[in-house]
S.K.: 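My questions will all concern the structure given below.
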Amino acid sequence: MANPNSDLRTPLSKARGNGASGHGTEHVIHQRALAVGLGIGFAYCAFSILLGTNLSYGAMTEWFHSALNSTIMALVVICSAFHFALGVQVVIEDYIHKATTKIILTLGTNFLAAIIAMCGVFTILKIYLGA
Amino acid sequence: MAVNSKAGGKARPLSPHLQIWRWHVTMATSILHRATGVANSVALLLLIAWICSLADGEESYASFQSLVGSPFGKLVLFGVLISVSYHLWNGVRHLFFNLGIGLSKDVASKTGWGVIIIGALGGVLLFVLGLMAAGR
């Protein structure tokens, strides 16, 4: 650029935060927000389980009988599933350029994420309610 | 530098590509972040399988435990834990990047080495804590 101070973007364009595609900012922000929640939840579950139980069937069902533990584990599963879907979508978009393959793979990733999240929540609920 | 001799007889410079690009740590951390991110999908499937086996009852849980407790299972678990730990720590580094902190060449390289070391150590710590918990 001839003049380094020149800026072709309008203030409104900057405030909206969108690039040429007109969308996608929320993708970046969701990925960061999910990452923060996931990091905190993972640290809680990992240390609570590894330091407080012996990983046996009895100890683990007891761990899941706590509403706090079950809630945080369910949130970890949900955040993981969405973080996974958004992350893998970026990888697919970077390497797959054929439209139909890209759409099928992205759709498949999102379906898998939905199955993972639902499966996790229902099984955690089953353990919590006393399976 | 690679040159293209076709363009009008005069050698034109090409942008350097992977083969002749000197590896530096910030490049490695970026590639590792993506690779571990994909590998963490396996960790997520393992977590779900673990919860499902627990919900299914004592027998299923025992077979899951013997699967993960086998030498191959332990190897996969060890790799997955290092992958998760690295991705977590480099993710924190990325959050600082998003705040505009630590973007200089010098700081980014130092924190890059930092997350590689802490990531690996964190994975080892989780694995050892797991072995200790199972042995209690």
Side-chain angles (χ1 to χ4, degrees), chain A residues 28-29 31-36 38-40 42-43 45-47 49-61 63-64 70 73-74 76-77 79-81 83-88 90-92 94-95 109 112-113 115-131, chain B residues 30-31 33-66 68-69 77 80-81 84-85 87-99 122-123 125-136:
Chain A
V28 177
I29 293 170
Q31 189 68 320
R32 288 349 175 241
L34 289 164
V36 173
L38 189 50
I40 297 168
F42 172 77
C45 291
F47 286 106
I49 291 172
L50 293 176
L51 299 177
T53 78
N54 62 0
L55 305 176
S56 69
Y57 179 78
M60 285 326 304
T61 42
W63 190 85
F64 275 101
S70 273
M73 186 59 97
V76 165
V77 168
C79 285
S80 299
H83 193 81
F84 155 81
L86 291 175
V88 171
V90 173
V91 177
I92 291 170
D94 276 356
Y95 304 129
T109 305
L112 182 61
I115 292 169
I116 288 171
M118 277 300 153
C119 179
V121 169
F122 277 104
T123 46
I124 289 170
L125 206 58
K126 188 185 171 198
I127 306 166
Y128 173 66
L129 295 174
Chain B
S30 174
I31 293 170
H33 196 72
R34 176 160 289 195
T36 53
V38 173
N40 287 355
S41 312
V42 178
L44 179 56
L45 292 177
L46 267 178
L47 176 72
I48 293 295
W50 178 66
I51 297 172
C52 283
S53 76
L54 187 65
D56 199 42
E58 206 157 357
E59 236 172 81
S60 300
Y61 190 71
S63 49
F64 180 86
Q65 271 194 319
S66 66
V68 175
L77 186 68
V80 151
L81 288 176
V84 168
S85 169
H87 198 82
L88 177 69
W89 288 108
N90 198 43
V92 172
R93 177 167 167 263
H94 272 268
L95 289 176
F96 279 104
F97 284 167
N98 292 151
L99 295 170
L125 177 74
L126 287 174
F127 188 72
V128 170
L129 284 179
L131 287 181
M132 281 165 64
R136 262 198 291 273

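Numbered from 1 within each chain, the chains take letters A, B, ... in sequence-line order. Nothing here was measured: the structure is a model prediction, and the numbers come from that model.
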S.K.: Calculate, to the nearest 0.5 Å, the distance between atoms CZ and OH belonging to R34(B) and Y95(A) respectively.
M.R.: 4.0 Å
S.K.: Using 0.5 Å steps for rounding, measure from the CH2 atom of W63(A) to the CG atom of L54(B).
M.R.: 10.5 Å
S.K.: Side chain, backbone, both or neither: which part of W89(B) has a non-hydrogen atom closer than 4.5 Å to chain A?
M.R.: neither
S.K.: Quick one, T61(A) with Y61(B), criterion side-chain contact (heavy atoms from CB on, under 4.5 Å). Give me CA distance, side-chain angles, the key distance, then yes/no.
M.R.: CA-CA 11 Å; T61(A) 42; Y61(B) 190 71; over 6 Å; no
S.K.: Can you tell me how far apart OG (S85(B)) and CZ (F42(A)) are? Round to the nearest 0.5 Å.
M.R.: 7.5 Å
S.K.: Taking side chain as C-beta onward, heavy atoms only, is D56(B) less than 4.5 Å from T123(A)?
M.R.: no
S.K.: Does L88(B) form a side-chain contact (heavy atoms from CB on, under 4.5 Å) with L38(A)? I'd like the steps, not just the answer.
M.R.: CA-CA 9 Å; L88(B) 177 69; L38(A) 189 50; over 6 Å; no
S.K.: Given that the side chain runs from C-beta out, which part of A35(A) has a heavy atom under 4.5 Å from chain B: side chain, backbone, both or neither?
M.R.: neither
S.K.: Quick one: CG on L45(B) to CG on L112(A), what's the gap to the nearest 0.5 Å?
M.R.: 6.5 Å
S.K.: Measuring only between side-chain heavy atoms, which start at C-beta, is N40(B) closer than 4.5 Å to H83(A)?
M.R.: no
S.K.: Could you work out, with side chain to side chain donor-acceptor pair (under 3.5 Å) as the rule, every residue matching Q65(B), not counting sequence neighbours?
M.R.: none
S.K.: Which answer fits H94(B), side chain, backbone, both or neither, if we ask what part of it has an atom under 4.5 Å from a heavy atom of chain A?
M.R.: neither
S.K.: Side chain, backbone, both or neither: which part of F47(A) has a non-hydrogen atom closer than 4.5 Å to chain B?
M.R.: side chain
S.K.: Which members of residues 128-136 of chain B, sorted by number, sit under 4.5 angstrom from chain A on a heavy-atom basis?
M.R.: L129(B), G130(B), A133(B), A134(B), R136(B)
S.K.: Against chain A, label I51(B) side chain, backbone, both or neither, depending on which of its atoms sit under 4.5 Å from a heavy atom there.
M.R.: both
S.K.: Count the heavy-atom pairs under 4.5 Å between each of L47(B), L95(B), N98(B) and chain A, then report the option with the highest count.
M.R.: N98(B)
S.K.: Heavy-atom count check: over 12 atoms from other residues, nucleotides or ligands less than 6.0 Å from F97(B) CZ?
M.R.: yes
S.K.: Picking from A43(B), S41(B), S53(B), G37(B), which has the most non-hydrogen pairs under 4.5 angstrom with chain A?
M.R.: S41(B)
S.K.: Answer with side chain, backbone, both or neither: which region of T53(A) has an atom nearer than 4.5 Å to a non-hydrogen atom of chain B?
M.R.: backbone
S.K.: Using every non-hydrogen atom in the two residues, find where I48(B) and C119(A) come nearest and quote the distance to one decimal.
M.R.: CG2-SG, 3.9 Å
S.K.: Distance check, rounded to the nearest 0.5 Å: I49(A) atom CD1 versus L126(B) atom CG?
M.R.: 11.5 Å
S.K.: Need one label for V92(B): side chain, backbone, both or neither, based on atoms under 4.5 Å from any heavy atom in chain A.
M.R.: neither
S.K.: Name the region of L125(A), side chain, backbone, both or neither, that has any atom closer than 4.5 Å to a heavy atom of chain B.
M.R.: neither
